[in-house]
Protein chains: 2
Amino acid sequence: MPKTTKKRPLYSTIYKQLRSKIFNGSFLPGEMLPSESHLCTEFHASRETVRKGLKELESEGLIYSRPKIGYFVCTPRHSDFTVNFTEYFEGCTTQYKDIHGTLPDERVQKALDISPSQVVIEFEQLTINPDGAIIAYSKKYLPYERAHPSVENELNYAVFPDITLPKMDTYSMYTSIRISAVAADEKLADTMQCDIGEPLLLIERFFIQQDDCLAGYALFYVKQPYGQLNGMSGHRL
Amino acid sequence: MPKTTKKRPLYSTIYKQLRSKIFNGSFLPGEMLPSESHLCTEFHASRETVRKGLKELESEGLIYSRPKIGYFVCTPRHSDFTVNFTEYFEGCTTQYKDIHGTLPDERVQKALDISPSQVVIEFEQLTINPDGAIIAYSKKYLPYERAHPSVENELNYAVFPDITLPKMDTYSMYTSIRISAVAADEKLADTMQCDIGEPLLLIERFFIQQDDCLAGYALFYVKQPYGQLNGMSGHRL
DNA sequence: GAGTGGTCTAGACCACATG
DNA sequence: ATGTGGTCTAGACCACTCT
């Protein structure tokens, strides 16, 4: 029972010790760490082993290296947040409201960067909680005439994420998001069964292919306090 | 002029080639990559060099390794977004409205996990754009009786991020965030000079010390369409 | 010139997976 | 038994910075 502290590899020990020195303030942001060779002697390790520990800290965003000079502690960014958003709500059902081709309004034209005469496919759906109350409403738009039929399936994934989020298994596109607050207008209030003027959280998403083509645009309106977004920033431990 | 392709280190070439095979679909999510030794012979590289290339892909979240089995392509997560939020708005000024001790209302009690009798310090400020219009209003709360005077300065950083964001240079705390939409009530409409019922984006932040103590709570109301939040998800290139 | 990090190699031993 | 990834070493050469 004496030395059960034997599993941890050496590079990980180096990583952990340096890491805690950063968190307890022994190394402050901007300061330089001991050189690789110093760490080699301090930890009785080879240089590559030391470098492996440092690499972990670097990947984690805690340090960076200035070649030929040394390693430095990063200044933490408290303004970048990781936010999780899915259209899926615990215990809720999704109801497809309408699917049809249409001409884009101005907002959709801008979002998809298309002309007013370019037909788009519009998908509408509602998210309904177990009590039967509508908590979210989404509209999604795809350009109709598309050159790449191979992308069809992926677009379906993008459009039906509730069905396919776990299967959205391609690197062919990425997403950008915009979060804002809007008041329900007459039409929204009607379809979402809420009051006119009621504040809604609006989450817009742009589906962008790696070739920079815009492949889809989605509007997601959420009743409050349902569907608030949560996120984290900074480093823990 | 023939071979100017000479600067790139070998491990980086390995990384880039595997990466593009992931992005063009040669390797699909869930699939296994060639083994390290295969890659060694394919690229005429030593094992550690191959591993270095693989490590890059792993750090980037494109692949993961199942020890003793092989490397696999990750399934991309299209539901995690990186969002940037600062209280600073281009060209805007900040006006301190009020600073005083007070008893917390229910919301603040919950946020800071304190009792109703625990005094808190309340900071209020307004963000004003060049035209003189109010575009944001924030309220921040700090528990008054604090055990760690050494944290004082950091709290000031947390409370006055406009002054100190670039100096918020500690790993002693991290932040959690909540985004929602609210309607301006009478009081908000008054201080923000907007209509009652006008939709506002509300960004709440919780400042949490590494020892899990709650060090601060901030409410940030933003008029629309100012201060929308933008984010990204997925991998580009 | 001494010190730094960046790259790369050719081994080695291990624990575990699979057949 | 073979193949896999995980760890580790002791060198090596380079290009650069600092003084």
Side-chain angles (χ1 to χ4, degrees), chain A residues 3-22 26-75, chain B residues 3-22 26-75:
Chain A
K3 49 191 70 170
T4 35
T5 43
K6 201 58 208 325
K7 295 291 292 182
R8 181 166 306 293
L10 181 49
Y11 80 89
S12 180
T13 302
I14 297 171
Y15 158 76
K16 277 207 147 52
Q17 290 202 17
L18 294 176
R19 189 175 195 273
S20 64
K21 284 197 177 187
I22 291 173
S26 299
F27 297 135
L28 292 174
E31 283 187 10
M32 187 166 24
L33 270 58
S35 74
E36 291 179 354
S37 59
H38 278 98
L39 294 172
C40 286
T41 65
E42 178 180 346
F43 289 100
H44 309 290
S46 75
R47 196 171 153 223
E48 285 294 352
T49 301
V50 164
R51 284 175 63 79
K52 200 164 178 179
L54 292 168
K55 188 62 171 27
E56 294 252 340
L57 292 169
E58 197 176 13
S59 299
E60 201 176 344
L62 292 175
I63 68 172
Y64 64 97
S65 112
R66 291 169 58 182
K68 333 302 170 67
I69 300 180
Y71 289 88
F72 296 81
V73 180
C74 289
T75 296
Chain B
K3 48 192 66 170
T4 36
T5 42
K6 202 57 209 321
K7 294 290 293 180
R8 181 165 307 293
L10 181 50
Y11 81 90
S12 180
T13 303
I14 297 171
Y15 158 76
K16 276 207 146 54
Q17 291 203 16
L18 294 176
R19 189 175 194 273
S20 66
K21 284 198 174 182
I22 290 172
S26 300
F27 297 134
L28 291 175
E31 283 186 10
M32 186 162 41
L33 270 59
S35 73
E36 291 179 355
S37 60
H38 279 98
L39 294 171
C40 286
T41 65
E42 177 179 347
F43 289 98
H44 308 291
S46 76
R47 192 166 156 230
E48 286 294 351
T49 300
V50 165
R51 284 176 64 80
K52 200 164 177 178
L54 292 167
K55 188 60 172 24
E56 294 250 341
L57 293 169
E58 197 176 12
S59 299
E60 201 176 343
L62 292 174
I63 68 172
Y64 64 97
S65 114
R66 291 169 59 181
K68 332 303 169 66
I69 300 180
Y71 290 86
F72 295 81
V73 179
C74 289
T75 296

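Here is how names work: the chains are called A, B, and so on, in the same order as the sequence lines, proteins then strands, and each is numbered from 1. From a predicted model like this one, the values you see are computed outputs, not experimental measurements.
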Report summary line: Across all chains, not counting sequence neighbours, the side-chain contact (heavy atoms from CB on, under 4.5 Å) partners of A:Ser46 are A:Glu48, A:Thr49
Query raised in the report: Taking only residues two or more places apart in sequence, or in another chain, which ones meet B:Ser65 in a side chain to side chain donor-acceptor pair (under 3.5 Å)?
Result: none
Requested in this report: Only pairs at least two apart or in different chains count here, so list each ring-ring contact (aromatic ring centres under 6.0 Å, His included) that has a residue in residues 26-71 of chain A.
Outcome: A:Tyr64-A:Phe72
Report summary line: Residues B:Ala45 and B:Val50: closest non-hydrogen pair is CB-CG2, 4.2 Å
Report summary line: Value for CG (A:Leu18) from CD (A:Glu42), rounded to nearest 0.5 Å, stands at 7.5 Å
Report task. For the pair A:Thr13 (side chain) and A:Pro9 (backbone), establish whether a donor and an acceptor sit closer than 3.5 Å, ignoring hydrogens and angles. Result -> yes
Query raised in the report: Do B:Leu39 and B:Leu33 come within less than 4.5 Å of each other through their side chains, counting heavy atoms only?
Result: no
Query raised in the report: What pairs with A:Arg47 under side chain to side chain donor-acceptor pair (under 3.5 Å), at least two apart in sequence or on another chain?
Result: A:Glu36
Requested in this report: Kindly say if A:His38 contacts the phosphate of C:dT4, meaning a side-chain N or O under 4.0 Å from OP1 or OP2.
Outcome: yes
**Report entry** Pairs where residues 13-22 of chain A contributes a residue and the test salt bridge (Lys or Arg N to Asp or Glu O under 4.0 Å) is met, not counting sequence neighbours
**Finding:** A:Arg19-A:Glu60
Query raised in the report: Which ones in residues 39-47 of chain B lie close to DNA chain C, meaning a heavy atom under 4.0 Å from one of its atoms?
Result: B:His44, B:Ala45, B:Ser46, B:Arg47
Mind listing the N/O atom pairs, protein and nucleotides 15-19 of chain C, below 3.5 Å?
unit_1 : atom_1 : unit_2  : atom_2 : d
C:dC16 : O4'    : B:Lys68 : NZ     : 3.1

Query - Terminal contacting nucleotides, 5' and 3', DNA chain D versus chain B (heavy atom, 4.0 Å) - result: D:dG3 to D:dC8
**Report entry** For A:Ser37, all residues meeting side-chain contact (heavy atoms from CB on, under 4.5 Å), sequence neighbours excluded
**Finding:** A:Ser35
Report task. Could you list by number each residue of residues 48-55 of chain B showing a heavy-atom separation from DNA chain C of less than 4.0 Å, or answer none if no residue does? Result -> B:Glu48, B:Thr49, B:Lys52
Query raised in the report: How many angstroms lie between NZ in B:Lys55 and CD1 in B:Ile63, if you round to the nearest 0.5 Å?
Result: 10.5 Å
Query raised in the report: Looking only at heavy atoms, what is the nearest atom pair of B:Pro29 and B:Cys74, with distance?
Result: CB-O, 3.5 Å
Requested in this report: Check side chain to side chain donor-acceptor pair (under 3.5 Å) between B:Ser20 and all other residues, then give those that pass, not counting sequence neighbours.
Outcome: none
Query - Atom pair CD (B:Glu58) and OG (A:Ser59), whose distance is rounded to the nearest 0.5 Å - result: 9.0 Å
Requested in this report: Whenever both distances are under 3.5 Å in a Watson-Crick or G-U wobble pair, mark it; put DNA chain C into dot-bracket that way, with [ ] for crossing pairs and | when the partner is on another strand.
Outcome: ||||||||||||||||.|.
